[in-house]
Amino acid sequence: MEFTVKQIAALLGGTVDGNESLKISQLSKIEEGKEGSISFLANLKYEQYLYTTAASAVIVNQSFQPRQPVQATLIFVDNSYSAFTKLLEQVNRLQPTEKVGVEQPSFIAETTRIGDRAYRGAFSYIGENCLIGSNVKIYPQAYIGNNVTIGDNTIIHAGVRIIDNTVIGQNCVIKPNAVIGSEGFGFAPEPDGSYRAIPQLGNVIIEDNVSIGANTTIDCATVGSTIIRKGVKLDNLIQVGHNVEIGRNTVIAAQCGIAGSAKIGENCVIGGQSGITGHIVLANRTKVGGRSGVTKSVKEEGVSLNGMPAFEVKDSLRSALVFQRLPSLEKRIGLLENKLNNQ
Amino acid sequence: MEFTVKQIAALLGGTVDGNESLKISQLSKIEEGKEGSISFLANLKYEQYLYTTAASAVIVNQSFQPRQPVQATLIFVDNSYSAFTKLLEQVNRLQPTEKVGVEQPSFIAETTRIGDRAYRGAFSYIGENCLIGSNVKIYPQAYIGNNVTIGDNTIIHAGVRIIDNTVIGQNCVIKPNAVIGSEGFGFAPEPDGSYRAIPQLGNVIIEDNVSIGANTTIDCATVGSTIIRKGVKLDNLIQVGHNVEIGRNTVIAAQCGIAGSAKIGENCVIGGQSGITGHIVLANRTKVGGRSGVTKSVKEEGVSLNGMPAFEVKDSLRSALVFQRLPSLEKRIGLLENKLNNQ
Amino acid sequence: MEFTVKQIAALLGGTVDGNESLKISQLSKIEEGKEGSISFLANLKYEQYLYTTAASAVIVNQSFQPRQPVQATLIFVDNSYSAFTKLLEQVNRLQPTEKVGVEQPSFIAETTRIGDRAYRGAFSYIGENCLIGSNVKIYPQAYIGNNVTIGDNTIIHAGVRIIDNTVIGQNCVIKPNAVIGSEGFGFAPEPDGSYRAIPQLGNVIIEDNVSIGANTTIDCATVGSTIIRKGVKLDNLIQVGHNVEIGRNTVIAAQCGIAGSAKIGENCVIGGQSGITGHIVLANRTKVGGRSGVTKSVKEEGVSLNGMPAFEVKDSLRSALVFQRLPSLEKRIGLLENKLNNQ
């Protein structure tokens with residue numbers, strides 16, 4: 001890429017303070033700026049770097065007023081974060097186009113149909129009776145079992161395993177080594193203390209525009225479907241149990257676990273390393289703090305929870321602060337008892 | 001599948017209340033029942049759906065008494081959950097048989113022996129001097145290193161990695177992308193602050209009837225063996241450190257971590273996202289709640305623990321309740337102090 | 001292997017108490033010792049086994065004084081643990097040498113250069129414009145994208161996925177199914193409640209002597225690099241978010257999560273299943289207990305933290321103890337209130 005500051009400002013609908021003919025050849029974080037790079041300032045935690053950065057230009061919010069002299073040329077925009085995102089997208093469009101065609105050896109069953117402009121990487125495997133759309137990219141060493149449906153423009157990265165009967169929508173991204181549709185964890189106890197596996201005959205349905213993180217696992221349903229609704233974004237190393245349903249546009253950070261048959265609403269946000277108990281229901285727009293454990297259904301929409309077990313976030317943070325003073329609280333109780341007993 | 005209600009009732013040893021000539025072609029969850037489907041009611045949390053379900057038939061417990069009129073035909077049995085499991089197993093037996101034979105290209109070293117009725121998927125790899133039983137299924141892109149032993153009827157799913165010297169018993173299921181026998185995490189500190197890897201020369205032994213979840217990792221021992229005893233069921237994304245031993249029929253839910261040299265007894269049940277400290281011993285039938293951290297050995301059998309650090313479950317839940325009232329407790333202490341000081 | 005006790009004592013610079021002509025053919029844990037095996041005693045928790053072990057010889061600390069008669073021959077050394085490590089290394093050197101050469105079918109793009117003494121396993125894949133050093137081992141079914149650099153002597157295990165533009169140093173070990181350089185988790189909210197993926201244009205840089213655990217995921221940066229400094233050791237199933245930096249010789253145990261843009265100092269030690277909040281900075285030599293959540297930057301070096309949210313370890317453990325007494329504390333407060341009100 002090579003743009004002038006002027007060109008970038010025009011793209012972003014921003015105004016320039018400084019030299020608008022400077023040439024920009026790369027994007028950088030503000031603390032790593034160098035000549036020829038453009039950066040942005042959104043989180044004021046990083047403001048200090050604005051005054052020392054070697055970046056040629058920095059995108060800032062319209063409302064921002066520097067408190068010290070700034071060397072870099074500034075581009076003022078409504079929202080510096082989304083403007084930088086727009087710039088990232090522009091640069092991304094300039095990247096070399098993605099692969100098309102078939103690398104050999106690769107495996108595809110005769111009964112399977114695949115659309116045009118597909119990419120099938122070397123050592124990829126596609127089983128029987130699959131229906132795969134147009135412009136689907138299946139990277140090397142990915143595995144697709146039998147009776148799988150994949151919509152147009154979906155990307156299946158290297159080493160992904162998609163087990164029999166899974167349905168995946170359009171414009172999805174499944175990141176490396178994710179496992180979709182593996183058997184759910186269901187066992188019936190036997191009289192001798194051993195367990196017998198309960199057949200897991202359901203499947204996984206992933207709707208359009210879903211992103212699934214690397215090494216994330218989504219189990220198939222016992223009967224019926226485990227369902228990931230349109231627009232859901234799952235980070236890496238997440239576990240989704242059998243018969244779970246995750247509502248539209250819900251975002252879940254890395255290493256969360258959603259136990260079997262839990263039902264999560266739309267537009268929820270769940271922080272990293274949290275757990276959701278099986279068979280509970282979270283209303284739309286529930287927010288869960290990182291490292292929390294939600295053990296009961298949430299009926300009211302828009303509630304924020306935190307802690308283990310999770311309760312209302314403000315109360316939870318208050319309790320956590322008092323927790324740090326517990327030893328002194330215990331002493332104070334002892335002193336009170338002494339005082340009263342000695343009266 | 002297609003059965004009549006009468007045939008199903010006969011299979012399950014149940015009695016019918018309703019139309020026993022109805023035809024059943026699929027299984028469903030009670031809240032997703034449709035004409036031609038059969039469902040079950042075990043957890044009374046779902047009782048409401050019994051009165052609205054479109055399922056043609058529902059399996060219920062002998063002791064169950066409907067409190068409203070029910071449209072569906074009912075099949076009464078001793079235990080509706082295990083009856084439904086039996087039905088799942090029956091349907092599962094009707095599925096198309098599993099693959100046999102060898103897909104090409106696949107790799108097998110000349111020094112390795114493999115039994116009859118095996119399946120080796122495309123792009124699977126089997127190293128030197130392995131001994132692999134009859135009716136073993138090795139799915140595409142699975143990796144088996146050198147000197148590995150695998151017993152009859154075991155299934156190695158796509159993308160599983162079984163590292164050198166691992167021993168796996170009969171009737172095991174290793175789910176996609178699990179890693180068995182990778183080097184343990186052992187490092188010796190050097191004077192300059194760096195670490196030197198300690199060679200991990202042991203192996204992993206997995207006995208019969210074990211199930212290992214997708215993306216679960218089980219490290220080889222430093223010396224000796226990491227041992228997973230007969231009948232153990234491990235869910236997805238679990239970490240098992242070097243030299244751990246897990247006793248017979250123990251069940252561990254997703255995302256748990258068992259640190260090095262811990263020894264877990266028989267018939268234990270460990271909830272999801274829990275951690276077990278290294279070098280400790282848990283007695284048989286220990287139960288650990290989800291998201292708990294067990295930091296000390298448990299000598300008495302059958303104890304239930306919860307929390308971080310974990311202690312007796314009832315006490316733990318009581319403390320967790322008081323935790324939610326901590327800010328008000330602190331205030332009450334302050335009030336008491338004021339009162340006493342003002343006397 | 002076969003050595004005499006005398007030979008081993010000479011190797012370790014130790015002195016023998018017992019029969020120094022005994023033959024040793026294997027290493028064992030002290031509780032699993034048998035005739036012909038040598039073991040060690042470092043952690044006195046295991047002292048009881050010294051008096052019952054069937055091992056022919058046991059390595060103990062110079063300072064150790066048995067309190068009961070010992071059957072096994074003893075080898076006294078300065079540090080029994082590091083002596084045993086030395087012995088493990090000696091035995092490891094006697095193992096059959098690692099593979100060299102190319103197994104077919106495997107895939108390598110014409111534009112890629114690879115050094116001498118390399119191993120490329122069957123079904124491994126190497127994309128365009130990679131620069132791969134000497135004596136690099138790429139195990140079966142590993143994936144290396146485009147523009148990847150890998151230094152000499154690095155081992156890429158089976159099923160590892162190294163995504164485009166990643167840079168890996170010398171003498172690294174990347175364990176099975178780890179995913180390096182997958183897209184970071186960045187999404188911009190849209191007015192309709194959906195999310196748009198923010199392009200992740202940066203990469204991952206891994207310096208020399210780094211070890212990455214099985215099924216661990218390290219995301220590429222949005223811009224710039226996610227950086228793993230020299231000598232870092234990461235265990236299995238760890239999540240490292242985009243733009244994270246981990247300082248030299250830091251050790252992180254299994255299942256930890258490091259959120260985006262966090263910066264961890266040198267020589268830190270982070271216990272298993274812990275989480276580090278995004279955008280915070282941990283000073284050098286910070287220690288974090290297992291299952292902790294660090295939510296704020298740590299400026300002072302060498303601090304030990306514990307709990308969720310984490311605070312100073314001693315205080316945290318004290319609070320955790322009082323937590324177990326919370327129900328009785330609440331009762332004591334109630335009693336005090338009654339007493340005062342009745343005065």
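Quick caveat: nothing in here was measured; it's all calculated off a predicted structure. Order of the sequence lines sets the chain letters (A, B, ...), proteins ahead of strands, with each chain counted from 1.
Proximity to chain C (any heavy atom under 4.5 Å) is shown, for B/S194, by both the backbone and the side chain. For chain C, the nearby parts of B/N243 are the backbone and the side chain; heavy atoms of each come within less than 4.5 Å. Using a 4.5 Å cut-off between heavy atoms, B/T216 contacts chain C through its backbone alone, with no side-chain atom that close. Looking at B/E183, the atoms closer than 4.5 Å to chain C (heavy atoms on both sides) sit in the backbone and in the side chain alike. Looking at B/A142, only its backbone comes within 4.5 Å of chain C, counting heavy atoms on both sides. At a 4.5 Å heavy-atom cutoff, B/S297 makes no contact with chain C through either its backbone or its side chain. Heavy atoms of B/Y195 lying under 4.5 Å from chain C belong to its backbone as well as its side chain. Contact of C/N267 with chain B is made through the side chain alone, with heavy-atom distances under 4.5 Å.
Annotation: residues 319-328 of chain B contacts chain C through B/S319, B/A320, B/V322, B/F323, B/R325, B/L326 [non-hydrogen atoms, separation under 4.5 Å].
Contact record, C/K45 with B/I280: NZ-N, 4.4 Å, taken as the closest heavy-atom pair. Across every non-hydrogen atom of B/S261 and C/Y46, the tightest pair is CB-OH, 4.3 Å. The minimum heavy-atom distance between B/I163 and C/P176, with the atom names listed, is CD1-CG, 3.9 Å.
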